[in-house]
J.: 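Please read through the structure below; I'll follow up with questions.
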Amino acid sequence: MTGRDAGPTGEEPRLAPGPLLCMMPLAFDQPSRELAQELLGQTLVRVLDDGSRLAGRIVETEAYLGVKDKAAHAFGGRRTQRNESMYARAGTAYVYFTYGMHHCFNVVAGEVDEPVAVLIRALEPTEGLERMAVHRASNRRSSPLKETDLCSGPAKLCQALAIDRELDGEDLTSSDRIFIETTRQGPIELATLVNRARIGVDYAEDWAQRRLRWYIRESAHVSVR
DNA sequence: AGCCCGATGTCCT
DNA sequence: GGACATCGGGCTA
């Protein structure tokens, strides 16, 4: 373990400051820990079959570090039909089904055959809010939907944007159904970032406390504060 | 504000 | 049979 791989309790390394480049396409082929931070502030766009556009600003992400990461679906080299997309090229969508009823959306990072990815945990909705509310309300009984209930969780945002396994394996760099727009350029302001342990991975022993979750400090759309 | 629980497909032992 | 990268409802304070 070098300084890059801090111990279980250490703070995870942050993005190094770099030159500001004009509207470069997102580089997905980097370590998931770095991509997780770079994705914050970018916009996830979903275009439905009828042409309507749903979008949200990414405000919360988690990095999953692959074969060595006890919390990752690919831990120990696990490779099944379900997680096959994680082994594809960076920029591929990995959409999985969990708890018998929910979908979660990930962006594949790293190299081909290196099963690392970034889980998108929350969005600040920016386009198509009414349609999102319809998608979200169909799975509820009565309580009114606040704007901060639309996409403030990994399964909520999949409901809102109508993301399911049909989009698993989609190439985010060429798809016209789901893609990421570069709405933030250059390194993110470090002071606006919060770096915490991941959610829902208590079972992962020494990997449970690793700070591989990032969110935008002032956002009201984060899943857990 | 918390805690508990049911929903239930897919993968694991 | 049990666990799970979750959510919403119903309960106790």
Side-chain angles (χ1 to χ4, degrees), chain A residues 8 12 31-33 35-37 39-40 44 56 58-88 92-110 114-123 125 132-169 172 194-215 220-225:
Chain A
E12 298 297 333
S32 56
R33 198 165 34 204
L35 184 61
Q37 295 164 78
L39 283 171
L40 291 169
L44 176 62
I58 298 170
V59 297
E60 179 181 355
T61 57
E62 284 179 357
Y64 285 83
L65 273 49
V67 173
K68 62 185 176 183
D69 180 357
K70 289 197 184 87
H73 290 166
F75 174 64
R78 281 202 307 268
R79 184 167 186 165
T80 67
Q81 202 163 28
R82 179 212 211 195
N83 70 4
E84 182 62 28
S85 296
M86 289 188 100
Y87 290 81
T92 299
Y94 168 45
V95 181
Y96 68 87
F97 187 66
T98 190
Y99 290 104
M101 59 166 57
H102 295 302
H103 297 276
C104 294
F105 171 77
N106 298 253
V107 178
V108 174
E114 182 196 15
V116 297
V118 175
L119 173 67
I120 307 301
R121 285 196 56 92
L123 306 175
M132 290 186 196
V134 171
H135 292 161
R136 289 274 295 117
S138 57
N139 251 350
R140 304 179 133 229
R141 293 192 195 178
S142 62
S143 44
L145 260 167
K146 292 174 300 195
E147 204 168 301
T148 51
D149 283 328
L150 290 177
C151 298
S152 54
K156 292 180 186 177
L157 70 90
C158 285
Q159 280 179 34
L161 301 198
I163 296 171
D164 60 24
R165 293 213 66 181
E166 227 268 296
L167 293 171
D168 183 44
L172 299 170
V194 179
N195 178 213
R196 291 284 137 86
R198 292 173 294 184
I199 300 294
V201 297
D202 293 345
Y203 61 89
E205 301 167 31
D206 47 325
W207 283 85
Q209 294 313 310
R210 293 279 303 259
R211 289 163 57 165
L212 294 170
R213 171 181 178 236
W214 289 266
Y215 62 85
H221 300 267
V222 166
S223 65
V224 182
R225 291 235 142 252

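In what follows, every chain begins at residue 1, and chains take the letters A, B, ... in the order their sequences are listed.
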J.: Base, sugar-phosphate, or nothing for A:F97, non-hydrogen atoms under 4.0 angstrom?
T.: sugar-phosphate

J.: Rounding to an integer number of Å, can you tell me how far A:D168 CG sits from C:dA5 P?
T.: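 Result: 16 Å.
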
J.: Atom CD of A:Q209 and atom P of C:dA5: how far apart are they, to the nearest Å?
T.: 15 Å

J.: Partners of A:S85 by side chain to side chain donor-acceptor pair (under 3.5 Å), sequence neighbours excluded?
T.: A:D168

J.: In whole Å, I'd like the distance from the NZ atom of A:K146 to the P atom of C:dG8.
T.: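 Rounding to the nearest Å, NZ of A:K146 and P of C:dG8 are 11 Å apart.
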
J.: Among residues at least two apart in sequence or on other chains, which ones pass side chain to side chain donor-acceptor pair (under 3.5 Å) with A:R79?
T.: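 If we apply the side chain to side chain donor-acceptor pair (under 3.5 Å) test to A:R79, skipping adjacent residues, the hits are A:E84.
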
J.: Looking at every heavy atom in both A:V222 and A:S152, which two are closest together, and how far apart are they?
T.: O-CB, 4.0 Å

J.: Do A:L123 and A:F105 pass the side-chain contact (heavy atoms from CB on, under 4.5 Å) test, and can you show the C-alpha distance, the side-chain angles, and the key distance before you say yes or no?
T.: CA-CA 12 Å; A:L123 306 175; A:F105 171 77; over 6 Å; no

J.: Measure from NE2 on A:H103 to P on C:dT6 and round the result to the nearest Å.
T.: 14 Å

J.: Enumerate the salt bridge (Lys or Arg N to Asp or Glu O under 4.0 Å) contacts for residues 92-103 of chain A, please, sequence neighbours excluded, ordered by first and then second residue.
T.: none

J.: Who are the side chain to side chain donor-acceptor pair (under 3.5 Å) partners of A:E205, not counting sequence neighbours?
T.: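 Residues passing side chain to side chain donor-acceptor pair (under 3.5 Å) with A:E205: none at all.
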
J.: Using the P atom in both, what is the distance from B:dC5 to C:dA13, to the nearest Å?
T.: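 Approximately 15 Å lies between the P atom of B:dC5 and that of C:dA13.
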
J.: Quick one: side chain to side chain donor-acceptor pair (under 3.5 Å) partners of A:H73, sequence neighbours excluded?
T.: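 Only A:Y94 meet the side chain to side chain donor-acceptor pair (under 3.5 Å) criterion with A:H73.
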
J.: Using atom P in both nucleotides, what's the gap between C:dA5 and B:dT13 to the nearest angstrom?
T.: 14 Å

J.: Using whole Å, what does the distance between atom P of nucleotide C:dA3 and atom OH of A:Y96 come to?
T.: 18 Å

J.: According to salt bridge (Lys or Arg N to Asp or Glu O under 4.0 Å), who are the partners of A:R198, at least two apart in sequence or on a separate chain?
T.: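 For A:R198 the salt bridge (Lys or Arg N to Asp or Glu O under 4.0 Å) partners, ignoring immediate neighbours, are A:D69.
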
J.: With sequence neighbours left out, which residue pairs that include part of residues 145-158 of chain A fulfil the salt bridge (Lys or Arg N to Asp or Glu O under 4.0 Å) condition?
T.: none

J.: Using whole Å, report how far OH of A:Y215 lies from P of C:dA5.
T.: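 Roughly 21 Å, once rounded to whole Å.
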
J.: Tell me, please, which residues at least two apart from A:V116 pass side chain to side chain contact (heavy atoms under 4.5 Å, CB included).
T.: A:S32, A:A109, A:E114

J.: Counting the atoms with a prime plus P, OP1 and OP2 as sugar-phosphate, which does A:A155 contact under 4.0 Å by heavy atoms, base, sugar-phosphate, or nothing?
T.: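 Since only primed, P, OP1 and OP2 atoms lie under 4.0 Å of A:A155, the category is sugar-phosphate.
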
J.: Run the side chain to side chain contact (heavy atoms under 4.5 Å, CB included) test against A:S223 and tell me which residues pass, sequence neighbours left out.
T.: A:E60, A:R121, A:R213

J.: Can you list every stem that DNA chain B is part of, counting only runs of 3 or more consecutive Watson-Crick or G-U wobble pairs with both distances under 3.5 Å?
T.: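 Only these stems qualify: B:1-7 with C:6-12, B:9-12 with C:1-4.
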
J.: Look at the side chain of A:Y203 and the base of C:dA3, then say whether one donor and one acceptor between them are separated by less than 3.5 Å.
T.: no

J.: Quick one, which residues of residues 77-88 of chain A touch DNA chain C with a heavy atom under 4.0 Å?
T.: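 Of all residues in residues 77-88 of chain A, the ones placing a heavy atom under 4.0 Å from DNA chain C are A:M86.
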
J.: Measure from CE on A:M101 to P on C:dT6 and round the result to the nearest Å.
T.: 14 Å

J.: Of all nucleotides in DNA chain B with an atom under 4.0 Å from a non-hydrogen atom of chain A, which is the first and which the last going 5' to 3'?
T.: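 Contacts span B:dA7 to B:dC12, reading 5' to 3'.
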
J.: Roughly, in whole Å, what's the span from CZ in A:R198 to P in C:dT6?
T.: 11 Å

J.: For C:dG8, does OP1 or OP2 lie under 4.0 Å from any side-chain N or O of A:K156?
T.: yes

J.: Does OP1 or OP2 of C:dC7 have a side-chain N or O of A:H102 closer than 4.0 Å?
T.: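 Answer no for this pair, as no side-chain N or O of A:H102 is under 4.0 Å from OP1 or OP2.
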
J.: Taking side chain to side chain contact (heavy atoms under 4.5 Å, CB included) as the criterion, tell me which of A:L40, A:N106, A:L39 meets it with A:I120.
T.: A:L39

